[in-house]
Amino acid sequence: MGDSSSYGSEARGAAGVAATYARLAADRAETLTRAAALSREFDGIVEANALVAIDDEHDPEGGSTAFERAHVAALLARAREHLEELDQALERVERGQYGKCAGCGETIPPERLEIRPATALCVRCARSNPRRSP
């Protein structure tokens with residue numbers, strides 16, 4: 001992807017901080033675009049189903065319609081969660097705390113930040129509390 005020196009403890013220089021912030025901001029913009037598209041898709045599914053009396057239990061197409069609606073809703077929820085993670089990561093960059101584990105305070109390895117730039121936890125802390133953060 002990018003140069004791993006842009007992340008973690010080496011991101012303290014002005015250029016590294018700017019690169020990290022730019023990467024997170026670009027991911028945020030892409031996620032906003034994806035969330036807007038999913039929201040329109042979800043609204044379209046709901047609108048289309050409002051025009052037709054669908055009995056999901058007995059209509060052969062009802063099950064797939066319900067699945068499609070649930071699938072898009074889950075994707076939209078995940079996009080919104082990712083936006084929150086990105087906002088928190090951007091705040092950490094601004095506070096100079098990006099790349100520090102929120103669990104143990106140790107430096108998050110640059111390789112992890114390369115793969116999961118919005119993460120707040122090192123691998124060890126993420127494994128010990130998988131529901132807290134990716």
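The model shown is predicted, which means the values in this text are computed figures rather than measured ones.
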When rounded to the nearest 0.5 angstrom, what distance separates [atom1] in [X] from [atom2] in [Y]?
{"X": "Leu83", "Y": "Gln88", "atom1": "CG", "atom2": "CD", "result": "11.0 Å"}
{"X": "Arg40", "Y": "Glu47", "atom1": "CZ", "atom2": "CD", "result": "13.5 Å"}
{"X": "Arg78", "Y": "Leu38", "atom1": "CZ", "atom2": "CG", "result": "12.5 Å"}
{"X": "Tyr21", "Y": "Arg92", "atom1": "OH", "atom2": "CZ", "result": "12.5 Å"}

Sub-3.5 Å donor-acceptor pair from the side chain of [X] to the main-chain atoms of [Y], do we have one?
{"X": "Arg23", "Y": "Glu114", "answer": "yes"}
{"X": "Thr119", "Y": "Arg116", "answer": "no"}
{"X": "Arg80", "Y": "Leu75", "answer": "no"}
{"X": "Thr31", "Y": "Asp27", "answer": "yes"}

I'd like to know if [Y] and [X] are part of one continuous hydrophobic network [Ile/Leu/Val/Met/Phe/Trp/Tyr, side-chain heavy atoms within less than 4.5 Å].
{"X": "Ile45", "Y": "Leu76", "result": "yes"}
{"X": "Val17", "Y": "Leu86", "result": "yes"}
{"X": "Val123", "Y": "Leu113", "result": "no"}

message = Is it true that Tyr98 and Glu91 share a donor-acceptor pair across their side chains at a distance under 3.5 Å?
response =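 No donor-acceptor contact under 3.5 Å links the two side chains.
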With the side chain counted from C-beta on, respond yes when [X] and [Y] share a heavy-atom pair under 4.5 Å apart, and no when they do not.
{"X": "Ser39", "Y": "Asp43", "value": "yes"}
{"X": "Arg28", "Y": "Leu32", "value": "yes"}
{"X": "Lys100", "Y": "Ile108", "value": "no"}

So which heavy atom on Cys122 is nearest to which on Cys101, and how close?
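The answer is N-SG, 3.3 Å.
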**Item:** Non-hydrogen atoms of Cys104 and Arg124 that approach each other most closely
**Value:**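 Result for this residue pair: SG-NH2, 3.5 Å.
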